[in-house]
Amino acid sequence: MMQGVYKHPRLLVLVTFVLCCNLLGTLAHARSDSETVTQPHQQTKLPQPWYTHQQNDWGWIQYRDNPITGFVEIKAQLMLNADLASVRHLLTDKKAVLTWVEGVKRIVVLETSENKRVQLTILDPIWPVQAREMLTTNILIESADQFSLTVQDNNQYLKLNPARIRVKQIDVQWQVQQTNDNRVVIDYLGYFQPGGSLPVWLSNEIFLVLISKSLNNLKAVSEQQGGNAE
């Protein structure tokens, strides 16, 4: 048969084309099977270890890179000489927040309910970072001796403002508990994706510095007030 093919150049080209297509199809199928096997392994990346950024007799701050995005995750624990009401005020009152959170210029409350608030937080630009904003839903759940505050992005609530970059993803958890010795224990866990074209390494450095300063400010302000929430 192949001898007949050699006598007809056009037929030879057609046969060669078909054989190449079959070979490519086989290779593509094999590659697809390989990807099917390896894809779950690639998606289940192991978490990075936590590293200590700050530690002293009243608390600690740790960080690690998210294994998927590379953006930093931060967790911390603080022990404050304050009462639960004053700490709740500092974490939830929009004017009080400005007294200790670094990098926040203004907070606009857009919607409120019994335990939920939608708010727009406008951030002070830090050179060379462009101005940014965070659109979040804050949910407060409380009992007699503790409360939790969850802050998550709600970017579909408003259209993007062309003058500012919207932070893409926000996931913050506060757990606050009153102890028997008239002190408050705060557990914090936070993760952000800043949006825009900010390099991951620069975003991580800025986020770690801002959160560290903010938590130190929170301790100083809460204890300066002496437990007074007004």
Side-chain angles (χ1 to χ4, degrees), residues 31-80 87 91 97 100-104 121 123-141 146-156 164-177 184-220:
R31 182 179 179 182
S32 176
D33 289 344
S34 175
E35 289 177 349
T36 301
V37 173
T38 59
Q39 188 71 13
H41 174 72
Q42 294 173 352
Q43 290 181 347
T44 55
K45 294 182 180 180
L46 294 176
Q48 299 295 314
W50 290 98
Y51 299 97
T52 299
H53 175 69
Q54 174 183 320
Q55 186 168 4
N56 48 46
D57 58 352
W58 55 267
W60 48 262
I61 301 173
Q62 296 181 339
Y63 68 95
R64 70 178 180 184
D65 293 342
N66 183 285
I68 305 299
T69 66
F71 289 106
V72 73
E73 302 172 8
I74 297 177
K75 70 176 179 178
Q77 186 177 88
L78 309 179
M79 180 75 72
L80 307 182
V87 175
L91 264 61
V97 167
W100 63 273
V101 177
E102 292 281 340
V104 174
T121 302
L123 306 177
D124 249 335
I126 304 173
W127 187 92
V129 180
Q130 297 182 35
R132 277 170 165 75
E133 64 182 19
M134 299 189 300
L135 186 56
T136 61
T137 295
N138 302 3
I139 299 176
L140 177 69
I141 300 176
Q146 63 182 347
F147 71 86
S148 66
L149 178 64
T150 301
V151 181
Q152 293 184 323
D153 55 278
N154 187 5
N155 288 326
Q156 70 275 9
R164 294 186 292 267
I165 295 175
R166 181 76 57 80
V167 177
K168 291 175 60 177
Q169 185 174 345
I170 304 165
D171 191 359
V172 175
Q173 305 285 334
W174 296 88
Q175 297 287 337
V176 185
Q177 184 171 6
V184 170
V185 178
I186 299 177
D187 287 296
Y188 169 89
L189 182 63
Y191 173 77
F192 293 79
Q193 288 189 28
S197 58
L198 193 65
V200 173
W201 68 267
L202 181 57
S203 169
N204 290 347
E205 290 292 334
I206 293 173
F207 182 33
L208 186 57
V209 169
L210 291 179
I211 293 299
S212 299
K213 286 185 176 180
S214 297
L215 294 178
N216 281 272
N217 291 344
L218 177 59
K219 173 179 169 57

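Trp174 has its side chain out of reach of Leu140: every pair of non-hydrogen atoms, C-beta onward, lies at least 4.5 Å apart. Between Leu215 and Ile186, the closest side-chain pair of non-hydrogen atoms is not below 4.5 Å. Residues Leu123 and Val104 form a side-chain contact, since some pair of their non-hydrogen atoms from C-beta on lies under 4.5 Å apart. With a 4.5 Å cut-off on side-chain heavy atoms, Val172 and Phe192 count as touching. Counting heavy atoms from C-beta on, the side chains of Leu91 and Trp100 come closer than 4.5 Å. In this structure, the side chains of Gln54 and Thr52 stay at 4.5 Å or more apart for every pair of heavy atoms.
Put simply, CG on Asp124 and CZ on Arg132 are 13.5 Å apart, with the number rounded to the nearest 0.5 Å. With rounding to the nearest 0.5 Å, the separation of CD in Gln62 from CD in Gln77 is 10.0 Å. We find the CZ-CG distance between Arg166 and Asn155 to be 5.0 Å, quoted to the nearest 0.5 Å. The line from CZ of Phe147 to CD of Gln175 is 9.5 Å long, rounded to the nearest 0.5 Å. Put simply, CG on Asp187 and CD on Gln173 are 11.5 Å apart, with the number rounded to the nearest 0.5 Å.
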Anything under 3.5 Å between a donor and an acceptor, one on a side chain of residues 68-76, the other on a protein residue two or more places apart or in another chain? List them.
from	atom 1	to	atom 2	distance (Å)
Thr69	OG1	Phe71	N	3.2
Thr69	OG1	Tyr191	OH	2.7
Glu73	OE1	Arg64	NE	3.0
Glu73	OE1	Arg64	NH2	3.4
Glu73	OE2	Asn66	ND2	2.9

Inset, instruction - Take Leu149 and Val176 through the side chain to side chain contact (heavy atoms under 4.5 Å, CB included) test and state the conclusion after the steps. - result: CA-CA 8 Å; Leu149 178 64; Val176 185; over 6 Å; no
Inset, instruction - I would like to know whether Ile170 and Gln152 meet side chain to side chain contact (heavy atoms under 4.5 Å, CB included); could you show each step before the answer? - result: CA-CA 5 Å; Ile170 304 165; Gln152 293 184 323; 5.8 Å; no
Legend entry - Verdict with supporting geometry, Asp65 and Trp201, side chain to side chain contact (heavy atoms under 4.5 Å, CB included): CA-CA 10 Å; Asp65 293 342; Trp201 68 267; over 6 Å; no
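For Val97, the side chain to side chain contact (heavy atoms under 4.5 Å, CB included) partners two or more places apart in sequence, or in a different chain, are Val101, Ile107.
Ion pairing between Glu133 and Arg164 holds under the 4.0 Å rule for side-chain N and carboxylate O.
Below 30°, between 30° and 60°, or above 60°: for Tyr63 and His53 the angle between ring planes is above 60°, a perpendicular geometry.
Using modelled atom types, no side-chain atom of Asp171 and backbone atom of Asp153 make a donor-acceptor pair closer than 3.5 Å.
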